[in-house]
Amino acid sequence: MKETLKKIVPESMIAWIRGVQASVKLRRETIRQMKRFERNYAKRGSMRTEHLETRIIFFTHQIEKGLSHQDFRFGFGKGVLAEFVPLLVALRKADAQYKSNGIFQSAMCALHEYRTRHEQAGYDLDYMCRLFPDDLWEEIGQAQGHAGGVLTIKAADKAHNAELTFEQLSEARHSVREFSDEPVSVEDIKQAVAIAMRTPSVCNRQPTRVHIITNADMIAKLMPLQGGFRGYKMPPALILLTADNQAFMNQDERNEGYTDGGLFGMSLLLALEERQLAACPLNTMLPMKRDDATRKLLNLPDSEFLVMYIAVGHFLPEVKTCMSKRFDPESIVTVHA
């Protein structure tokens, strides 16, 4: 029957019918995906343990970023601290083993460094002390270890990056947000891109597109739209990774560009590190107006969607960066034997 219909019905009609079916399926599956996300993302005010932990990680990172600034600003983050406190209090109630919770420990260490650095400079922390319950304030004062806070990156330690094993290079790479004034060669970035071209993609369709921006005025316009680089000097170079929807063949592949683009991004970050270039990935999860403004500035084709930015520059002789403590592998692994 199918073979008979194929002979009778023109290919153009079959393609039209399939297109209508695909559009209906795309809408249905997108709505289903949206509903699953809506049921599970860490909404503000949620007391679910996993949601508390997500938001605590976010605010820990905000504190770490402030601590890593070269031009350190005493008293930064008052708004962050005000939102931080109720989350920590709630997590202590939700998790009976909170003292051994790595996320709680990271937060305590970051807050300990914040407190210590201010106290050593004689800065009045009365506002912070009033925010925290007495016992939590005491825990912050007693926090020890290297689960959170900042660490120091030295340019001299990068001299032999090309000789490192993959494991060593991965361990050595950290996101760096402050760079030297030395211009970045487009050719150096292209050579890193050439290495990243070995990244796998769905059926080798290679949807990732690379936009290299070195124009200082353009970078200065793009970064406020991105929104996550406030307080830092503009990077000498900026890479925007996009994915081209023309590389995909049906509605089931609607998210594949993020997967392939993310894989490419990690390869590129390691390639830049090997070439002794400092870098920091920056998200492009932008509201529609900022997305549209970004597209207009860069004259992006309609077929491409934003995957991530990477800020790039040469290493300063010495720079601080976020500790960004990683989970224990056992905490994220499920074995299906």
State, with a plain yes or no, whether a side-chain heavy atom of Leu286 is found less than 4.5 Å away from one of Asp292. no
Residues, nucleotides or ligands: over 12 heavy atoms within 6.0 Å of Lys43 NZ: yes
Residue pairs fulfilling ring-ring contact (aromatic ring centres under 6.0 Å, His included) with at least one residue in residues 140-193, sequence neighbours excluded: none
What residues form a side chain to side chain contact (heavy atoms under 4.5 Å, CB included) with Glu50, not counting sequence neighbours? Arg48
Residue among Asn283, Leu306, Leu240 satisfying side chain to side chain contact (heavy atoms under 4.5 Å, CB included) with Gln226: Asn283
Test Arg295 against Asp302 for salt bridge (charged side-chain N to carboxylate O under 4.0 Å, His left out), laying out the working first. CA-CA 9 Å; Arg295 290 176 165 283; Asp302 181 64; 5.4 Å; no
Report the relative orientation of the aromatic rings in Tyr41 and Phe37; use parallel for angles under 30°, tilted for 30 to 60°, perpendicular for over 60°. parallel
Report yes if some heavy atom in the side chain of Lys190 is under 4.5 Å from a heavy atom in the side chain of Ile212; otherwise report no. yes
If you define the side chain from C-beta out and look only at heavy atoms, does anything of Leu268 sit under 4.5 Å from Leu241? yes
Asp328, CG: over 12 other non-hydrogen atoms inside 6.0 angstrom: yes
Pairwise side-chain contact, Met308 with Phe264, heavy-atom cut-off 4.5 Å (strictly under): no
Would you say Phe229 and Phe72 are hydrophobically clustered, going by side-chain heavy atoms of ILVMFWY under 4.5 Å? no
Check whether any side-chain N or O of Thr30 sits under 3.5 Å from a backbone N or O of Leu26 as a donor-acceptor pair, and report yes or no. yes
Look at atom NZ of Lys35 and say whether more than 12 heavy atoms of other residues, nucleotides or ligands are closer to it than 6.0 Å. no
Short side-chain to backbone donor-acceptor contact, Tyr114 and Phe76, under 3.5 Å: yes
For a 4.5 angstrom cut-off between non-hydrogen side-chain atoms, does Arg205 reach Glu253? yes
Suppose the criterion is salt bridge (Lys or Arg N to Asp or Glu O under 4.0 Å): which pairs have a residue in residues 163-176, not counting sequence neighbours? none
What closest approach, in Å, do Val307 and Ala243 show between heavy atoms, and which atom pair accounts for it? CG2-N, 3.8 Å
Is there a continuous path of hydrophobic side-chain contacts, each under 4.5 Å between heavy atoms, that joins Val176 to Met266? no
Under 6.0 Å between ring centres: does that hold for Tyr258 and Phe305? yes
Quick one: does Leu263's side chain get under 4.5 Å of Thr208's, heavy atoms only? no
So Pro133 and Val85, do their side chains get closer than 4.5 Å, heavy atoms only? yes
Once salt bridge (Lys or Arg N to Asp or Glu O under 4.0 Å) is applied, what residue pairs with a partner in residues 228-246 remain, sequence neighbours excluded? Asp181-Lys233, Arg209-Asp244
For a salt bridge (charged side-chain N to carboxylate O under 4.0 Å, His left out) check, start with the C-alpha distance between Lys99 and Glu139, then their side-chain angles and the critical distance, and finish with the verdict. CA-CA 10 Å; Lys99 287 190 176 183; Glu139 283 192 62; 5.1 Å; no
Using the rule that two of Ile, Leu, Val, Met, Phe, Trp, Tyr join whenever any of their side-chain heavy atoms come within less than 4.5 Å, decide whether Ile195 and Leu269 are in one cluster. no
Is any side-chain heavy atom of Gln191 less than 4.5 Å from a side-chain heavy atom of Glu187? yes
Heavy atoms only: give me the nearest Gln251-Ala22 pair and the separation to one decimal. OE1-CB, 3.3 Å
Checking Glu113 now: which residues fulfil salt bridge (Lys or Arg N to Asp or Glu O under 4.0 Å) with it, not counting sequence neighbours? Arg117
Indicate yes or no: does Glu273 engage Lys158 in a salt bridge with an N to O separation below 4.0 Å. yes
Got a sec, which residues hit side chain to side chain contact (heavy atoms under 4.5 Å, CB included) with Arg27, two or more places apart in sequence or on another chain? Ser23
